[in-house]
There are 2 protein chains.
Amino acid sequence: MAINSLMEDFSSLDTSSLVDKVEAKLVQLLKDQKLNVGDSIPKELELAERLGVSRTVIREALLRLRVMGLIESKKKKGAVITSPDIFGIISKSVNPHILDQSTLKEMFELRLILEIGMADFIFQRITPADIKELKQIVSKEPDATQDYLFNIEHEIAFHGKLYEITGNETLKKFQRMLLPVFDYVHHSGLLKKQVSIKRFVSHKGLVDIIENGSPEMFRNAMRNHLENHFSRLFE
Amino acid sequence: MAINSLMEDFSSLDTSSLVDKVEAKLVQLLKDQKLNVGDSIPKELELAERLGVSRTVIREALLRLRVMGLIESKKKKGAVITSPDIFGIISKSVNPHILDQSTLKEMFELRLILEIGMADFIFQRITPADIKELKQIVSKEPDATQDYLFNIEHEIAFHGKLYEITGNETLKKFQRMLLPVFDYVHHSGLLKKQVSIKRFVSHKGLVDIIENGSPEMFRNAMRNHLENHFSRLFE
DNA sequence: TTATGCATTATGTATGACATAATAAAATTA
DNA sequence: TAATTTTATTATGTCATACATAATGCATAA
């Protein structure tokens with residue numbers, strides 16, 4: 001069909017800007033494995049000359065790579081390839097006020113998934129010192145858990161410690177990114193109202209299981225512990 | 001102590017560039033909730049004038065926000081605030097060849113955590129059509145699972161479908177980001193050699209549980225299913 | 001040999017100009 | 001008058017040039 005093929009031609013129109021092209025070229029250069037971390041890339045003027053564009057365009061493309069954490073540029077040395085701290089970078093752009101509602105809700109869910117799923121790593125890597133610290137956190141807890149006016153700081157301290165125990169820094173960073181989102185969603189009108197404000201398995205109960213139980217038991221206990229959050233998602 | 005306070009003064013030296021300051025100022029402007037998605041921010045020249053810097057600096061700061069997905073700029077309309085597609089953005093910068101080894105390993109672990117933790121969402125949101133599709137995927141599977149030369153595409157099809165069932169688009173994007181990393185780590189020398197190449201719970205077994213079992217059963221089954229991966233992490 | 005200062009160099013910042021595309025306003029036509 | 005085309009305006013995109021700044025290496029002096 002003539003019209004159809006015409007439409008396809010339209011859709012394949014190259015609408016990308018000059019900078020887009022240069023950026024793609026540079027990214028591909030990195031992906032082609034010809035360059036490793038620590039290697040430096042040609043200087044701006046050289047790139048501008050070789051690609052036949054202005055230094056402005058090159059600078060903008062390089063800037064994008066820099067924001068993405070792929071390179072780092074020093075005053076004299078030029079730009080060098082770096083290993084990006086992904087979550088550090090996106091943490092900057094995770095702004096509860098700006099993210100749309102469905103994304104916010106999904107990030108709320110993500111936390112529940114992570115805390116249930118990380119059981120095996122906790123059991124594999126926990127140390128006696130960790131257990132001691134957990135017990136200390138729990139002991140300091142205000143026992144007014146019934147009215148759900150539980151201290152947010154204690155929540156963060158306890159659950160944050162669990163992430164720490166997994167020994168997975170990326171996971172920890174992920175949590176740090178999720179924290180403000182979770183708090184925001186929790187207090188916004190995005191979810192159903194809190195119906196049952198009962199706490200099932202307590203923090204202390206979780207610690208007991210960590211000490212004497214199994215990953216399997218922990219998963220179920222954590223699922224139970226988070227019931228109040230789940231109940232706001234499912235009806 | 002004089003020296004000490006002097007050193008503190010040194011450490012607090014402001015080493016940030018002009019663009020850094022402008023960027024921070026703009027981000028704060030967004031976070032201050034005075035602006036919502038869809039609102040447009042002042043034009044470049046106006047910002048340059050108001051902040052007393054050149055248009056070059058403003059452009060670079062705005063560009064950073066754009067790369068982070070916080071704004072989008074159109075030809076005439078100026079820049080408007082947008083809700084960032086976080087994982088879409090970082091997917092670009094997730095390059096297994098560039099990420100350092102420990103991060104790669106941690107992202108490998110992240111997948112295991114997610115797939116075990118997402119049980120409740122699968123059970124809550126699965127439809128009969130989903131089950132039918134899962135069965136179809138399983139039926140097409142090459143049953144040469146013993147020698148572990150299982151088809152990568154089938155792995156992706158099956159596990160990808162599970163992510164899809166959760167109905168969490170953010171989670172799905174997260175998986176898409178993790179996929180190449182997981183594959184890379186799996187085939188690189190980063191982990192221990194595969195010792196037992198036995199498959200415990202099969203894909204078919206998982207489907208059975210989804211159909212007739214509980215989230216609790218699924219978590220344990222998935223943990224078992226992923227044993228080959230876990231065994232390469234733990235000794 | 002060790003500092004110190006100087007020259008060099010590549011990125012950072014500033015300015016001015018023009019291109020381009022999207023919007024609004026004006027003009028033309030039915 | 002209403003609909004359509006043309007034109008003008010405007011803000012971002014690209015280019016070119018100049019100078020500032022900071023890091024590096026070399027030369028010089030103590």
Side-chain angles (χ1 to χ4, degrees), chain A residues 9-27 29-30 35 37-82 84 92, chain B residues 9-27 29-30 35 37-82 84 89:
Chain A
D9 284 352
F10 270 122
S11 69
S12 66
L13 260 183
D14 187 9
T15 170
S16 63
S17 72
L18 241 182
V19 178
D20 290 330
K21 298 191 185 76
V22 173
E23 179 199 351
K25 221 175 179 74
L26 291 177
V27 168
L29 205 75
L30 302 194
L35 298 170
V37 174
D39 292 353
S40 60
I41 62 182
K43 44 199 175 186
E44 295 175 352
L45 278 174
E46 193 178 326
L47 285 172
E49 200 175 352
R50 279 202 343 214
L51 297 180
V53 295
S54 74
R55 191 181 154 215
T56 309
V57 172
I58 294 292
R59 269 187 71 75
E60 191 160 326
L62 287 178
L63 173 56
R64 290 188 188 177
L65 302 195
R66 209 159 57 219
V67 174
M68 292 191 292
L70 293 180
I71 65 172
E72 222 169 64
S73 36
K74 293 281 177 183
K75 265 290 162 78
K76 159 121 187 198
K77 192 72 186 274
V80 297
I81 299 178
T82 60
K92 280 190 191 170
Chain B
D9 285 352
F10 271 124
S11 67
S12 66
L13 262 184
D14 184 10
T15 170
S16 65
S17 72
L18 241 181
V19 178
D20 290 331
K21 297 190 185 75
V22 173
E23 178 198 353
K25 223 177 179 72
L26 291 176
V27 168
L29 205 75
L30 303 194
L35 298 171
V37 173
D39 292 352
S40 60
I41 61 182
K43 42 196 175 186
E44 294 175 351
L45 279 174
E46 193 179 327
L47 284 172
E49 200 175 350
R50 283 210 329 224
L51 297 180
V53 295
S54 73
R55 191 182 156 216
T56 309
V57 171
I58 295 291
R59 268 188 71 75
E60 188 160 330
L62 287 178
L63 172 57
R64 290 189 190 178
L65 302 194
R66 208 159 61 220
V67 175
M68 291 190 292
L70 292 180
I71 65 172
E72 219 167 65
S73 34
K74 292 282 177 183
K75 266 289 162 82
K76 160 124 186 193
K77 195 74 188 276
V80 297
I81 300 179
T82 59
I89 293 164

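Naming convention: chains lettered A, B, ... in sequence-line order (proteins, then strands); numbering from 1 in each chain. These numbers come from a predicted model, not from an experiment.
- Here B:Ser40 pairs with B:Val80 under the side chain to side chain contact (heavy atoms under 4.5 Å, CB included) rule; sequence neighbours left out.
- Under the salt bridge (charged side-chain N to carboxylate O under 4.0 Å, His left out) criterion, B:Glu46 pairs with B:Arg50, sequence neighbours left out.
- For A:Arg59, whose side chain is taken as the heavy atoms from C-beta onward, the closest listed nucleotide among D:dC15, C:dA14, C:dT11 is C:dT11.
- Atom CD1 in A:Ile58 sits roughly 15 Å away from atom P in C:dA10 (whole-Å rounding).
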In B/S/- notation (B base, S sugar-phosphate only, - none; protein heavy atoms under 4.0 Å), nucleotides 17-26 of chain C written 5' to 3' is B--BSBB---
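- Just one residue in the list B:Val57, B:Leu51, B:Ile58 forms a side-chain contact (heavy atoms from CB on, under 4.5 Å) with B:Ser54, and that residue is B:Val57.
- Taking B:Leu26 as the reference, B:Val22, B:Leu47, B:Ala61, B:Leu62, B:Leu65 meet the side chain to side chain contact (heavy atoms under 4.5 Å, CB included) condition, with sequence neighbours excluded.
- Shown for residues 60-67 of chain B: residues whose heavy atoms fall under 4.0 angstrom of DNA chain D, namely B:Arg66.
- Rounded to 10 degrees, the angle separating the terminal helix axes of the helix from C:dT1-D:dA30 to C:dA30-D:dT1, each built from five base pairs, is 0°.
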Trace of the salt bridge (Lys or Arg N to Asp or Glu O under 4.0 Å) decision for B:Lys25 with B:Asp20: CA-CA 9 Å; B:Lys25 223 177 179 72; B:Asp20 290 331; over 6 Å; no
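- A donor-acceptor contact under 3.5 Å links the side chain of B:Thr56 to the base of C:dA14.
- If you measure from atom CD of A:Glu72 to atom P of C:dA10, you get 19 Å, rounded to the nearest angstrom.
- Interface residues of residues 43-52 of chain B facing DNA chain D, ordered by number: B:Lys43, B:Glu44; criterion, heavy-atom separation under 4.0 Å.
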Without placing hydrogens or testing angles, list every side-chain donor-acceptor pair under 3.5 Å for residues 66-75 of chain A, not counting sequence neighbours.
| residue | atom | partner | partner atom | Å |
| --- | --- | --- | --- | --- |
| A:Arg66 | NH1 | A:Ser73 | OG | 2.7 |
| A:Arg66 | NH2 | B:Glu60 | OE2 | 3.3 |

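- Of the candidates D:dT14, C:dG12, C:dT13, C:dT13 carries the atom nearest the B:Val19 side chain, counting heavy atoms from C-beta on.
- Between B:Gly78 and A:Val53, it is B:Gly78 whose nearest contact on DNA chain D lies nearer the 5' terminus.
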